Amino acid sequence: MPGSGRRLKRVKMAEEDILAERRKKLAGLLERGVEAYGRRYDRTNPIAAVTESSERVLICGRLMAWRDHGKAAFADLEDFSGRIQLYFQRDRLGDDFSRVKDLDIGDFVGVAGRPFRTRTGMLTIGVEEFTLLSKSLRPLPEKWHGLKDVEIRYRQRYLDLLANPDTRKVFATRSRIIAGIRRQLDQLGFLEVETPMMHPIPGGAEARPFVTHHNALELELYLRIAPELYLKRLLVGGLERVYEINRSFRNEGISTLHNPEFTMLELYAAYGDYRLMAELAELLILNAIDELFPDSGRRLSYQGREIDFTPPWPRLTLAELLRERLDLPGWDDRSLLLERARAGGLELDGSETVFDLLDLLFKFRIQPGLVRPTFVLDYPAEISPLAKSKPGQPGVVERFELFIGGLEVGNAYSELNDPIDQERRFQAEVRTGRPDRPKVVDEDYIEALSYGMPPAGGLGIGLDRLVMILVDTASIRDVILFPILRPVR
RNA sequence: GCGCCGUUAGCUCAACAGGCAGAGCAGCUGACUCUUAAUCAGCAGGUUGAAGGUUCGAUUCCUUCACGGCGUACCA
């Protein structure tokens with residue numbers, strides 16, 4: 001402990017010098033009665049909207065660069081819309097020109113002036129008045145290389161955002177993608193709802209939950225692993241089209257594809273089925289691409305590979321894929337699966353179930369090849385307890401998973417609405433005793449189903465992963481503003 | 001959890017084969033009224049992530065630890 005305190009002090013020394021310098025300046029301002037932390041500033045327009053023909057404008061933002069020229073100075077002012085050059089001149093500012101010394105890189109400043117072109121053709125504001133809006137006490141990350149340190153980028157995302165325009169663009173795009181999906185669903189008559197994030201029984205997916213505790217109720221609660229079971233209760237209640245866009249929480253490993261809290265879209269449409277959900281997924285994603293990248297020809301580059309989004313996206317059954325890619329007649333024969341897995345060099349401990357083997361084979365031998373958006377249809381019932389059976393195919397359910405660029409981004413079912421079958425399947429899950437399955441049957445959900453739930457299609461899309469693909473990032477951390485990191489000690 | 005890689009000034013990076021820790025930006029002082037990675041002159045800034053070891057001498061080699069990244073496992 002004393003060590004870490006000492007270290008902090010030492011490491012910060014050089015920064016302290018700069019801080020002390022700025023504090024001195026700040027004290028000087030206060031002595032002169034200057035407000036270093038200003039107030040409302042009514043700008044006439046964002047920086048990007050300034051044109052040469054604009055009359056006198058009021059703009060504000062952060063000072064990002066400073067070029068002193070004795071009796072004049074150039075600076076760069078940046079707001080969320082863009083950046084513009086400022087020109088401070090003694091001839092124009094008179095006595096006020098001495099106040100230019102109050103300004104530092106990093107300060108927020110409001111500026112009134114008239115736009116003009118410099119000799120080199122650069123659109124510039126000839127500053128007539130300027131107001132300090134907020135004093136910066138710490139040095140900004142380096143202007144040319146930006147901020148590269150990955151840890152600082154994630155821990156102090158504000159520095160990443162202010163230093164790296166690309167980061168701002170990623171999160172602006174993320175926002176537009178999600179807003180666009182909302183808009184589309186609203187137009188299709190879906191109702192956006194919010195269901196509990198704290199569940200007495202975690203369900204709707206296979207994952208280990210986070211546990212928490214409610215004191216007054218003396219109740220164990222779980223952060224939801226999926227909103228599914230609550231959304232389907234709403235179908236029972238007569239809401240025919242519902243969706244929720246929000247966080248789910250899974251207490252699993254962290255990787256470039258997994259953050260413990262992640263954002264999922266789940267939607268349910270009464271009287272639909274999984275094939276309808278495939279059409280909807282295709283529509284939602286294509287519209288997002290058309291809106292964001294109208295000139296892309298629906299071909300996007302992801303991590304150096306081109307993804308062709310031209311519809312219709314292939315719809316292949318799991319059985320077809322197993323047959324074509326792995327020469328497997330099905331998933332009934334464990335020894336055959338085992339043989340393929342061994343031949344594929346997969347690491348096994350021998351205790352794998354048929355479905356473990358199937359999962360491994362799929363994940364390593366088939367999934368990486370699913371670059372073009374592909375719906376994989378018709379999964380084993382045993383690993384899909386919430387999906388409706390496929391007529392005439394015992395052991396198979398109406399389910400698809402959507403893969404894009406080798407990543408799993410979507411999952412959909414024809415929703416199981418038979419309360420008796422559902423209860424049986426829940427009981428089977430509980431019997432496995434696995435930590436990623438419920439410990440008890442969700443009787444409340446069974447009761448809801450037994451009042452009658454309309455047949456329905458349900459779709460889940462991992463929005464973080466969808467954003468990853470559309471903005472071409474390798475890690476989920478690059479599309480989550482504050483990804484989970486170990487706390488600094 | 002395991003494996004590999006990384007951690008040097010506020011930021012971005014150097015430092016041969018173990019031999020005085022350096023540059024650019026940012027900062028400070030000064031010069032400069034069309035610059036734009038402004039320029040010019042000067043100054044300051046470091047227990048090289050931490051602890052230990054080897055050595056006459058460690059940023060460099062070894063061990064342990066911390067944090068991060070990637071991979072892998074677990075897992076949708």
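Everything numeric here is computed off the predicted structure, so don't read it as measured data. A, B, ... follow the sequence lines: proteins, then strands. Residue 1 opens every chain.
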Minimum-distance nucleotide to [X] side chain [options: [options]]:
{"X": "A:H145", "options": "B:U35, B:C67, B:U12", "answer": "B:U12"}
{"X": "A:K148", "options": "B:U12, B:U35, B:C74", "answer": "B:U12"}
{"X": "A:H69", "options": "B:U35, B:U12, B:G68", "answer": "B:U35"}
{"X": "A:R155", "options": "B:C11, B:U12, B:C67", "answer": "B:C67"}
{"X": "A:T256", "options": "B:G71, B:U12, B:A37", "answer": "B:G71"}
{"X": "A:R119", "options": "B:C34, B:A37, B:C28", "answer": "B:C34"}

Hey, does [X] reach any base, or is it just sugar-phosphate, or nothing, if we go heavy atoms under 4.0 Å?
{"X": "A:E21", "value": "sugar-phosphate"}
{"X": "A:R477", "value": "sugar-phosphate"}
{"X": "A:L159", "value": "nothing"}
{"X": "A:S255", "value": "nothing"}
{"X": "A:E252", "value": "sugar-phosphate"}
{"X": "A:G106", "value": "nothing"}
{"X": "A:L485", "value": "sugar-phosphate"}
{"X": "A:R437", "value": "nothing"}
{"X": "A:F364", "value": "sugar-phosphate"}

side-chain hydrogen bond (donor to acceptor under 3.5 Å, both in side chains) between A:D356 and A:T353: does it pass, once the steps are laid out? CA-CA 5 Å; A:D356 293 332; A:T353 66; 3.2 Å; yes
Interatomic distance, [X] [atom1] vs [N] [atom2] [rounded to whole Å]:
{"X": "A:W66", "N": "B:C34", "atom1": "CH2", "atom2": "P", "value": "15 Å"}
{"X": "A:E352", "N": "B:A73", "atom1": "CD", "atom2": "P", "value": "12 Å"}
{"X": "A:R67", "N": "B:A37", "atom1": "CZ", "atom2": "P", "value": "8 Å"}
{"X": "A:D356", "N": "B:A73", "atom1": "CG", "atom2": "P", "value": "13 Å"}
{"X": "A:F116", "N": "B:C34", "atom1": "CZ", "atom2": "C1'", "value": "7 Å"}
{"X": "A:L63", "N": "B:G27", "atom1": "CG", "atom2": "C1'", "value": "16 Å"}
{"X": "A:E142", "N": "B:A23", "atom1": "CD", "atom2": "P", "value": "16 Å"}
{"X": "A:D68", "N": "B:A41", "atom1": "CG", "atom2": "P", "value": "17 Å"}

With both distances under 3.5 angstrom, what nucleotide forms a Watson-Crick or G-U wobble pair with [N]?
{"N": "B:U35", "result": "none"}
{"N": "B:U55", "result": "none"}
{"N": "B:C16", "result": "none"}
{"N": "B:G1", "result": "B:U72"}
{"N": "B:C67", "result": "B:G6"}
{"N": "B:C11", "result": "B:G24"}
{"N": "B:G46", "result": "none"}
{"N": "B:G30", "result": "B:C40"}

Distance between [atom1] atoms of [N] and [M] (Å, rounded):
{"N": "B:G45", "M": "B:C4", "atom1": "P", "value": "40 Å"}
{"N": "B:G46", "M": "B:U8", "atom1": "C1'", "value": "8 Å"}
{"N": "B:A50", "M": "B:A66", "atom1": "P", "value": "15 Å"}
{"N": "B:A41", "M": "B:U55", "atom1": "C1'", "value": "44 Å"}
{"N": "B:C5", "M": "B:G19", "atom1": "P", "value": "22 Å"}
{"N": "B:G18", "M": "B:C61", "atom1": "C1'", "value": "8 Å"}
{"N": "B:G53", "M": "B:C13", "atom1": "P", "value": "33 Å"}
{"N": "B:U60", "M": "B:G6", "atom1": "C1'", "value": "15 Å"}

RNA chain B nearest-nucleotide lookup for A:I484 and A:D359: closer to the 5′ end is A:I484
Mark yes or no for whether A:D149, through its side chain, and A:E151, through its backbone, hold a donor-acceptor pair below 3.5 Å. yes
Without swapping roles, check the side chain of A:R208 against the backbone of A:N251 for a donor-acceptor pair under 3.5 Å. no
If the cut-off is 4.0 Å, is A:R486 near the phosphate of B:A66, judged by side-chain N/O to OP1 or OP2? no
Would you mind reporting whether A:L337 and A:R340 have side-chain heavy atoms less than 4.5 Å apart? no
Do A:D79 and A:R62 have side chains that get closer than 4.5 Å, going by heavy atoms? no
In terms of relative ring orientation, are [X] and [Y] parallel, tilted or perpendicular, with 30° and 60° separating the classes?
{"X": "A:F249", "Y": "A:F210", "result": "perpendicular"}
{"X": "A:W66", "Y": "A:F88", "result": "tilted"}
{"X": "A:F426", "Y": "A:Y445", "result": "tilted"}
{"X": "A:H199", "Y": "A:Y230", "result": "tilted"}

Ring centers of A:F403, A:F362 separated by less than 6.0 Å: yes
Quick one, which residues of residues 71-87 of chain A touch RNA chain B with a heavy atom under 4.0 Å? A:K71, A:A72, A:F74, A:Q85, A:Y87
Six-ring centre of A:Y379, A:R399 cation under 6.0 angstrom, axis tolerance 45°: yes
For the base of B:G69, is there a side-chain donor-acceptor partner from A:E151 under 3.5 Å away? no
